[in-house]
Amino acid sequence: MTVQMPSFRQIFRRAVLLLTALVSSVITPAEALQKYLVYVGTYTDHGSKGIYAYRFDSSSGKLTSLGLAAEAAEPSFLAVDSGGRFLYAVNETLTYSGQPTGAVSAFAMQPESGNLSLLNQVSSRDEGPAHITLDRTGKYALVANYTRGSVAAFPVLKDGRLGEASSFVQHKGSSVNPERQKGPHAHAIALSPDNRFAVVADLGLDQLLVYLFDAAKGILGAKPQIVKAAPGAGPRHLVFSSTGRFLYVINELQSTVVTYSYDAATGALHELQTISTLPKGFIGNSTAAEIEIHPSGKFLFASNRGSDNVAVFAIDSQTGSLTHVETDPTGGKTPRNFAIDPTGSWLLAANQDSDDIVVFRIDQMTGRLTATGDPIQLPSPTCLKFVATQ
C-alpha cells in the first residue's frame with residue numbers, strides 16, 4: 001500500500017488556513033478597522049472641568065484628544081446606551097440644588113465632534129453617587145450612592161432624558177473596619193444576563209445584595225438575598241462571566257477577587273474561589289479598584305491602587321476558576337479604572353493621581369500586556385467608556 005505524502009504547497013496552504021481561522025476567532029476584520037470615541041470621566045477638584053473625549057483607532061491603539069466634551073461637576077463614572085446615542089454620568093457630589101444629594105446627568109452624543117449636549121439632570125436621591133449602569137433593555141439607569149449606602153433606579157425616556165427615581169432602597173448596617181465600614185457604602189451594581197436580578201456590592205456591609213428587578217416598572221425587590229463577604233473584604237465592583245455562569249467580585253480593602261457560581265433560576269450565589277490581586281511579596285498599602293473580563297471571555301483583569309498595577313488572570317471556562325498570568329505596572333499612580341476596547345486588542349488604564357491614561361496592547365492568546373507610546377495627560381481620570389463611530 002502506497003501512502004501519498006502531502007506536498008509542501010498543500011502543507012503551507014493548510015497552515016495558512018489554520019492561522020487565518022485562529023486569528024478570525026479572536027478578532028474580525030470589521031472589528032480590527034473599527035474606530036471609536038472614548039469618553040473619560042474625571043474628578044474636577046484640581047484642573048479638570050468635566051468629561052473629555054478622544055478618538056481611538058483600534059488598528060494602532062492611538063488616542064487623539066478632542067478636548068472637553070461637556071462641563072460637569074465630579075462626573076466620576078459613566079454609562080453609554082447600546083445604541084451609542086446617549087451618555088449618562090453620576091455627579092459624585094454631596095449637594096445638589098441645595099439638598100444633601102448627588103446628581104445624575106444625561107447627555108446626547110455628537111459623533112462627529114465628540115461633544116456632549118446636556119439633556120437633563122436629576123437628583124441621585126442620596127450623597128456621593130459612585131456608579132451607574134443601564135439595565136439590559138436600556139430603559140432604566142441604576143445608581144449606587146456610596147456615602148450613605150443606597151441604590152436608586154431611574155427611567156430612561158425615549159429622548160434619552162432621565163425621569164425621577166422609580167425605585168429607591170436604603171441599606172443599613174456596618175462591618176468590622178472602623179475607618180471604612182461604619183455604615184453602608186453601596187459601590188456598584190451588575191444586572192444578571194437575563195435582567196431579572198440586580199446584584200449590588202456594598203463595601204461598608206461586606207455584602208452582596210441580590211435584588212429581584214422588575215424591568216417593566218424599574219423596581220428593586222423589597223427583600224434581597226444577602227451574600228456575606230469575608231469580614232473586612234470591602235466588595236467594590238463586580239462582573240458576570242461571558243457565559244453568565246459565574247460572577248466575579250473585586251474586594252477593595254483586602255485586594256482579592258472572589259469567584260461565585262451563579263444560579264440563573266434563583267439568583268443564588270455560591271463562593272468558589274478567592275485569589276489575591278497583589279504581586280507576591282508586596283508589602284505596603286494598596287486597595288483594589290476595577291475589574292473587567294476580556295471580550296473573548298478568556299481573561300480577567302484587576303487593578304490595584306498603591307502597588308499601581310493590573311493583575312491578569314486566565315479563566316477556566318468550565319469551573320470559573322482563575323489562574324494568575326502576570327502583573328503589569330500601569331506606568332502611573334492610582335489606576336482607579338481601566339477599559340478594554342471592543343476588539344479586545346487594547347487596555348486603557350486611567351491613573352487618577354498621576355493625571356494620565358496609559359495604553360497597553362493585549363496579547364489575545366495569553367492576556368499579557370505591553371505598554372505602548374507615551375501616557376496621555378489628563379487631570380484625575382476616573383472612568384473610560386468606548387463608543388463605536390462606524
Assess the pair Y262 and F240: is the distance between their ring centroids shorter than 6.0 Å?
-> yes
Measure the acute angle between the ring planes of Y36 and F56, then classify it against the limits of 30° and 60° as parallel, tilted or perpendicular.
-> tilted
Aromatic rings Y211 and H171: how do their planes relate, parallel, tilted or perpendicular, breaks at 30° and 60°?
-> parallel
D202 and Y146: CA distance, side-chain angles, deciding distance, side chain to side chain contact (heavy atoms under 4.5 Å, CB included) verdict | CA-CA 8 Å; D202 194 304; Y146 178 83; over 6 Å; no
Under 4.5 Å between side-chain heavy atoms, hopping through other hydrophobics if needed: is there a path connecting L118 to L37?
-> yes
State, with a plain yes or no, whether a side-chain heavy atom of [X] is found less than 4.5 Å away from one of [Y].
| X | Y | answer |
| --- | --- | --- |
| R148 | H185 | no |
| I132 | L78 | no |
| V40 | Y54 | yes |

Can R236 and E290 be counted as an ion pair, charged N to O under 4.0 angstrom?
-> no
Taking 4.0 angstrom as the limit, do K49 and E71 come out as a salt bridge?
-> no
With a 3.5 Å cut-off and no angle check, do the side chains of [X] and [Y] form a donor-acceptor pair?
| X | Y | result |
| --- | --- | --- |
| S286 | N304 | no |
| N351 | T330 | yes |
| N91 | T93 | no |
| D355 | Q377 | no |

Side-chain donor/acceptor of D135 to backbone N/O of Y140, under 3.5 Å = yes
Backbone of G320 reached by a side-chain donor or acceptor of Y248 within 3.5 Å | yes
